[in-house]
Colleague: 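The structure's right below; bear with me while I get my questions together.
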2 protein chains.
Amino acid sequence: MVTDCKHCPLRRRGFFEDMAPDELEKTQRFKSGELAVTPGTPILMEGSKAPQLYTALRGMGLRYKTLEDGRRQVVNFIFPGDFIGLQACMLDEMGHSVEATTHMTLCVFDRSDFYDFFRSNTKRAFDITWLAAIEEHFLGETLVTIGQREAVSSMAWAFIRLYQRGAALGLVQNGQMPLPYRQQDLADALGISLVHANKTIAKLRAHQLLNWSAGRLTIFDMEALAKVAQVEIEEPRRRPLI
Amino acid sequence: MVTDCKHCPLRRRGFFEDMAPDELEKTQRFKSGELAVTPGTPILMEGSKAPQLYTALRGMGLRYKTLEDGRRQVVNFIFPGDFIGLQACMLDEMGHSVEATTHMTLCVFDRSDFYDFFRSNTKRAFDITWLAAIEEHFLGETLVTIGQREAVSSMAWAFIRLYQRGAALGLVQNGQMPLPYRQQDLADALGISLVHANKTIAKLRAHQLLNWSAGRLTIFDMEALAKVAQVEIEEPRRRPLI
DNA sequence: CGAGGGTTTGATGATAGTCAAAGTGAGTGG
DNA sequence: CCACTCACTTTGACTATCATCAAACCCTCG
């Protein structure tokens with residue numbers, strides 16, 4: 001019951017770039033299977049040499065790093081279409097762990113086929129580099145956030161980016177999207193404590209800017225939120241799908 | 001008076017990977033010239049579509065992003081051998097600004113030749129992706145630092161990484177290396193205020209762990225420093241040179 | 001010798017962390 | 001169907017880390 005790349009439900013969303021027939025076919029051959037995991041399942045571990053790569057097909061997860069004293073930094077939230085494990089592939093070791101937050105389905109690729117895939121088609125190689133670059137770009141933005149913005153501002157920024165990502169994927173309906181994370185996850189992503197995160201969210205809610213409860217996010221006033229966050233509102237750009 | 005890739009002074013250091021003759025020759029053809037800049041010169045601007053790429057040949061600089069309110073986040077410190085402008089190339093726009101801290105000499109490449117270069121040799125394309133991946137890896141580590149470590153710990157981490165990078169490049173002599181940045185730069189890199197940065201450095205100095213003055217860094221006790229920073233001591237790995 | 005960039009220091013206050021406890025709601029088992 | 005548990009959220013009280021302000025200091029340079 002493996003999804004055929006030709007009929008990939010993701011590619012139908014306008015968010016992902018179209019693929020030439022031969023790219024599609026090569027990707028199909030690259031794909032070695034599918035993996036379904038339950039919430040909380042670790043998918044990749046920091047420092048491990050994973051033999052496989054994934055693309056998130058359904059469900060959400062997160063990337064994180066942990067410090068020796070147990071502190072955790074959430075590096076990124078994983079949405080459908082995200083490519084997982086490039087670091088293990090290029091650097092031989094994952095720089096962060098990956099874990100499923102909801103039920104997830106992942107397309108599986110064998111690392112041993114990666115170089116062939118990379119070589120087989122310049123466009124695809126370029127796509128992979130593009131993904132690495134956009135990730136670097138995003139991490140840079142996250143860095144400014146954690147380093148320079150204060151909590152309210154950080155929170156606003158995070159919600160805006162999450163919402164935009166959701167919107168691009170067509171997850172937003174009636175101004176609402178599923179956001180199945182815990183406050184602890186957001187807190188760990190922004191480098192603030194759970195308690196402080198909670199109080200900060202409460203503040204945004206009190207100001208009628210947004211609501212996030214029961215795993216659903218609603219944004220009431222994007223303009224005002226953007227002002228709080230000090231960001232330009234811009235659509236995420238279309239991205240390649242591996 | 002342009003340095004020939006064949007005799008590139010960087011490649012002689014063991015830190016950079018060897019290059020096959022044809023790679024070397026393609027790189028040479030890719031290189032369109034050299035640029036010498038004085039301290040303080042902006043090299044790339046956030047948001048700009050730079051027509052050129054660079055490799056730092058000599059000198060040091062920094063990458064940073066600025067917020068509307070003027071706050072600055074230093075994303076990374078640029079050392080000889082660093083590749084500059086990949087983001088502009090892949091994403092069409094720089095995600096951060098780049099500025100020279102010391103006098104610098106940069107190898108210049110034309111963006112219009114980039115795709116050809118990328119396509120011409122799979123190994124080189126791979127190298128570029130590798131660089132993007134290692135950068136992503138490093139930014140992840142920075143993220144944990146800013147998000148989870150407290151000031152002393154952050155500082156210790158930063159000095160360790162800078163020192164290791166310097167050591168790999170052969171800049172360390174008698175346990176000392178040049179580190180021509182201001183305390184403000186370090187502060188902006190770690191997301192703390194100048195005053196606090198200063199006091200934190202003073203603390204490390206008082207504990208006899210290191211000294212950083214007059215643009216020179218000395219580390220007295222790497223072990224203890226690593227303990228403060230909560231990091232493993234590991235050599236930076238050899239990297240490709242573009 | 002004065003100017004200016006960078007560093008250092010002290011005083012004060014705000015932002016955010018920690019601790020502790022209560023509230024909420026979904027899921028489970030008797 | 002009703003406790004009961006467990007994971008998560010919410011709130012209050014207290015504290016620490018860190019930011020801001022201001023002034024002095026140090027050094028190089030013209």
Side-chain angles (χ1 to χ4, degrees), chain A residues 38-40 62 67 69-74 99-103 144-159 178-206 210-217 228 230, chain B residues 38-40 62 67 69-74 99-102 144-159 178-206 210-217 228:
Chain A
T38 53
L62 37 82
L67 232 41
D69 65 4
R71 286 167 162 275
R72 181 182 77 146
Q73 174 68 40
V74 168
E99 183 175 305
T101 300
T102 66
H103 279 279
V144 202
T145 301
I146 301 187
Q148 307 299 333
R149 290 190 239 254
E150 51 186 41
V152 218
S153 199
S154 296
M155 271 289 170
W157 172 83
F159 282 123
L179 193 67
Y181 298 98
R182 296 167 306 159
Q183 295 188 352
Q184 182 74 64
D185 297 326
L186 247 288
D188 287 348
L190 298 175
I192 63 184
S193 71
L194 168 61
V195 174
H196 197 51
N198 178 286
K199 286 172 182 169
T200 306
I201 295 170
K203 216 172 280 182
L204 292 173
R205 197 157 30 212
L210 57 80
N211 185 34
W212 178 38
S213 54
R216 302 198 67 81
L217 170 67
V228 173
Q230 293 191 58
Chain B
T38 53
L62 36 82
L67 232 43
D69 65 5
R71 287 167 161 275
R72 181 183 79 146
Q73 174 68 39
V74 168
E99 184 176 305
T101 299
T102 66
V144 201
T145 301
I146 301 187
Q148 307 299 331
R149 291 190 238 253
E150 52 185 43
V152 219
S153 198
S154 296
M155 271 290 170
W157 172 83
F159 282 122
L179 193 67
Y181 298 98
R182 295 167 306 159
Q183 295 188 353
Q184 183 74 65
D185 298 326
L186 246 289
D188 288 348
L190 299 175
I192 63 184
S193 72
L194 168 61
V195 174
H196 197 51
N198 178 285
K199 288 172 182 170
T200 306
I201 294 170
K203 216 173 279 180
L204 292 173
R205 199 159 25 213
L210 57 81
N211 184 34
W212 178 39
S213 53
R216 301 198 68 83
L217 171 67
V228 173

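Protein chains get the first letters and strands the later ones, always in sequence-line order, with residue 1 at the start of each.
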Colleague: Could you tell me whether Gly191(A) contacts a base, only the sugar-phosphate backbone, or nothing, with contacts defined as non-hydrogen atoms closer than 4.0 Å?
Modeller: sugar-phosphate

Colleague: I want to check something: taking the side chain as every heavy atom from C-beta on, are Phe159(A) and Leu179(A) in contact at a cut-off of under 4.5 Å?
Modeller: yes

Colleague: Give a yes/no answer on whether the side chain of Arg205(B) brings an N or O atom under 4.0 Å of OP1 or OP2 in dT7(C).
Modeller: no

Colleague: Just the rounded figure in Å: distance from C1' of dT17(D) to CD1 of Ile192(A).
Modeller: 15 Å

Colleague: Check whether any side-chain heavy atom of Val74(B) lies under 4.5 Å from a side-chain heavy atom of Tyr181(B), and answer yes or no.
Modeller: no

Colleague: Could you check how far NE2 of His196(A) sits from C1' of dT18(C), rounded to whole Å?
Modeller: 13 Å

Colleague: Starting at atom NZ of Lys203(A), determine the distance to atom P of dT11(D), rounded to an integer number of angstrom.
Modeller: 13 Å

Colleague: Is there a donor N/O on one and an acceptor N/O on the other, under 3.5 Å, for the side chain of Lys199(A) and the base of dG17(C)?
Modeller: no

Colleague: When we call it a touch if two heavy atoms are under 4.0 Å apart, what does Ala151(B) touch: a base, just sugar-phosphate, or nothing?
Modeller: sugar-phosphate

Colleague: Could you state the CG-C1' distance from Leu194(A) to dG17(C), rounded to the nearest angstrom?
Modeller: 11 Å

Colleague: I need the Gln73(A) CD to Asp188(A) CG distance, nearest 0.5 Å.
Modeller: 7.0 Å

Colleague: Between Thr200(B) and Val195(B), who's closer to the 5' end of DNA chain D by nearest nucleotide?
Modeller: Thr200(B)

Colleague: Of all heavy-atom pairs between Val152(B) and Thr200(B), which one has the smallest distance, and what is that distance?
Modeller: CA-CG2, 3.5 Å

Colleague: From CD of Glu150(A) over to C1' of dA14(C), roughly how many Å is that when rounded to an integer?
Modeller: 9 Å

Colleague: Please examine the side chains of Gln148(A) and Ile146(B), heavy atoms only from C-beta on, and report whether any two atoms are closer than 4.5 Å.
Modeller: no

Colleague: Distance check needed: dA16(C) P versus Met155(A) CE, whole Å only.
Modeller: 11 Å

Colleague: Map Ala197(B) and Ser213(A) onto DNA chain D by nearest heavy atom, then report which one ends up closer to the 5' terminus.
Modeller: Ser213(A)

Colleague: Figure out the CD1/P separation between Ile146(A) and dC18(D), and round it to whole Å.
Modeller: 15 Å

Colleague: Reckon Asn198(A) has a side-chain N or O less than 4.0 Å from the OP1 or OP2 of dT9(D)?
Modeller: no

Colleague: Would you say a side-chain N or O of Arg71(B) is under 4.0 Å from OP1 or OP2 of dT20(D)?
Modeller: yes

Colleague: Report the distance from atom CD of Gln184(A) to atom C1' of dG17(C), rounded to the nearest whole Å.
Modeller: 13 Å

Colleague: Whether Gln183(A) contacts dT10(D) is assessed here as follows: a side-chain N or O lying under 4.0 Å from the phosphate OP1 or OP2. Is that the case?
Modeller: yes

